[in-house]
Amino acid sequence: MHKLTKTFLHLWMSLASVAGLAFGWAFLAHAQKPAPLIQSQVQIVTSIQPTLEPILTINDYLMTGARNGARSVPMVQNSNNTFPRLRTRGS
Amino acid sequence: MEYDEFSAMNTTIQVAAEGNQDDLKLGFQQVRHFIAECEACFSRFREDSELCQLNRSAGSWFQASSGMFDLMQEALELQQLTDGLFDPSVLKALQQAGYDRSIDAIRESSPLPAAAIPKPVASRLGQTRLDPASAGIYLPAGVQIDLGGIAKGWIAEKATQLLAEYTPACAVSTGGDMAFHGVPVGEPAWQVTLEDPRDERGVLAILQARSGGLATSSVTRRRWLQGSQVRHHIIDPRTGTPAEVEWLSVSVGAPKTTAAEAFAKAILIGGSRVGTQLAGKIPELWFIAVNPDGSLSGTQKSKEIVYEPVDFQPAAPTRAENTNTL
């Protein structure tokens with residue numbers, strides 16, 4: 001009787017181990033995987049902090065226009081065709 | 001478009017509005033009257049101004065007008081937002097640097113006598129207390145306020161709101177601190193010339209402002225000699241002396257003119273590191289800085305603001321032009 005119980009216990013533990021391994025494998029196989037590294041997303045993250053860039057001045061436009069052979073560079077396109085009167089400077 | 005231009009607060013005021021000349025006449029008059037009232041209230045050169053009374057009351061509670069309370073509240077918030085680089089409590093340092101009378105009076109008596117360099121003093125503006133229920137302001141004893149720049153921004157905002165009752169599109173500039181309401185019919189934006197800080201007759205760029213505020217801080221507009229030292233009015237609160245800057249001027253766009261003014265000052269003092277940090281923190285903020293050689297640097301967002309001629313065909317950059325100097 002004692003031997004029979006021991007055999008049953010060994011068998012039960014073996015089956016439980018195999019079942020546990022199978023369950024674990026199935027669980028991991030269907031689990032959500034981490035997204036692969038996408039370079040464009042990395043760039044978005046790193047560009048949150050803005051950087052400074054050169055900005056063309058009116059003079060840059062004039063000089064470039066002259067190099068390109070333009071007779072003049074259209075400076076202002078407002079409906080009155082006038083130079084804007086509002087100006088900003090250090091107060 | 002109707003314009004009005006006059007001198008007040010030791011600077012040039014520009015008012016622009018779209019609409020019928022007769023209708024706008026009353027609006028322009030109200031703006032002039034409002035600015036005269038504000039000058040009497042916020043000037044540090046008038047002994048009877050509310051600002052001078054507030055400074056004299058340091059160490060005890062002061063009953064402020066709603067305008068003064070509003071302005072102080074904004075100033076305190078902006079001081080925190082800029083980590084103290086914008087600080088209106090630098091009045092003593094400004095006076096020690098020689099700016100103890102109007103800029104016109106300084107220019108007449110320049111060079112001023114030499115003065116000892118003051119020791120840096122930690123700002124105590126943060127200890128200021130406000131009581132919204134009674135519009136009470138408590139300045140810590142010894143703290144003295146100069147609201148010069150931010151007051152101009154606040155006045156531009158309020159004057160624009162006043163004028164907006166007469167027109168759907170108007171703009172007010174108080175020496176370069178500008179507020180906008182609406183845009184002129186048929187135009188995508190207000191066009192504003194960015195003055196060359198090296199020569200006030202020169203224009204470096206045309207900016208397209210759609211709404212909110214725009215302000216410029218410069219170290220070249222208000223300069224004088226103190227002994228053999230060239231001084232300017234942008235005080236670095238960390239040192240208590242005129243700031244050593246990497247740019248000649250900084251122009252900032254922000255939803256409010258008061259904020260634009262404070263950020264312009266903070267970025268001019270703090271340089272590119274502070275500028276990019278603030279631009280990263282506040283999505284609506286853009287800024288353009290003028291380098292000592294007159295070239296411009298700015299955030300990506302500021303490129304949308306700078307007017308580009310419609311027919312402009314950029315030339316292929318030469319090797320030298322392609323070099324990023326930043």
Side-chain angles (χ1 to χ4, degrees), chain A residues 21 23-91, chain B residues 1 3 11 14 16 149 152 171 173-178 186-187 190-195 197 200 203-207 214-222 249 251 272 275-277 279-280 288-289 294-303 306 308-315 324-326:
Chain A
L21 276 170
F23 177 79
W25 178 82
F27 179 80
L28 288 174
H30 292 90
Q32 192 177 4
K33 295 173 182 64
L37 189 68
I38 300 169
Q39 200 57 36
S40 59
Q41 287 179 351
V42 174
Q43 282 166 355
I44 287 168
V45 170
T46 52
S47 68
I48 285 173
Q49 179 88 345
T51 52
L52 288 185
E53 297 176 22
I55 291 172
L56 293 181
T57 63
I58 284 177
N59 205 31
D60 294 329
Y61 284 121
L62 286 171
M63 287 197 300
T64 312
R67 271 205 304 272
N68 286 349
R71 279 182 298 176
S72 64
V73 175
M75 296 302 296
V76 182
Q77 295 283 319
N78 66 5
S79 58
N80 295 330
N81 200 26
T82 54
F83 205 74
R85 287 176 63 172
L86 295 173
R87 59 185 182 272
T88 187
R89 59 185 184 190
S91 55
Chain B
M1 185 68 67
Y3 290 96
T11 193
Q14 289 186 299
K152 287 190 180 82
S173 167
T174 50
D177 289 0
M178 314 179 82
E187 300 292 342
W190 290 93
Q191 290 183 326
V192 179
T193 55
L194 172 61
E195 198 174 279
E200 62 184 66
V203 172
L204 292 176
I206 297 171
L207 311 179
L214 164 62
T216 300
S217 268
S218 164
V219 293
T220 62
R221 287 289 300 172
R222 293 175 189 239
S249 77
S251 299
S272 47
T276 50
Q277 271 176 2
I288 295 172
S295 61
L296 303 177
S297 305
T299 49
Q300 177 69 33
K301 195 174 171 65
S302 68
K303 288 186 168 179
V306 176
E308 183 176 295
V310 175
D311 299 338
F312 178 66
Q313 297 287 322
N324 189 344
T325 55
L326 295 170

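In what follows, chains carry the letters A, B, and so on, assigned in the order in which the sequence lines appear, proteins first and then strands, with residues in each chain numbered from 1.
- The structure places CG of B/Asp177 at 7.0 Å from OG1 of A/Thr88, a figure rounded to the nearest 0.5 Å.
- Looking at every heavy atom in both residues, B/Ser295 comes nearest to A/Thr57 through CA-CG2, 4.5 Å.
- Taken from CZ in A/Arg89 to OG in B/Ser251, the straight-line distance is 12.5 Å, to the nearest 0.5 Å.
- Residues B/Ser173 and A/Arg87 approach most closely at OG-O, 3.8 Å, considering heavy atoms.
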- Task: Please step through side chain to side chain contact (heavy atoms under 4.5 Å, CB included) for the pair A/Leu86 and B/Met178, ending with a clear verdict.
- Result: CA-CA 9 Å; A/Leu86 295 173; B/Met178 314 179 82; 3.6 Å; yes
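- Both the backbone and the side chain of B/Ser272 come within less than 4.5 Å of a heavy atom of chain A.
- Here the shortest heavy-atom pairing between B/Thr276 and A/Leu52 reads CG2-CG, 4.1 Å.
- Residues A/Ile55 and B/Ser297 approach most closely at CD1-C, 4.0 Å, considering heavy atoms.
- Screening B/Ile206, B/Leu194, B/Leu204 for a side chain to side chain contact (heavy atoms under 4.5 Å, CB included) involving A/Ile58 leaves a single residue, B/Ile206.
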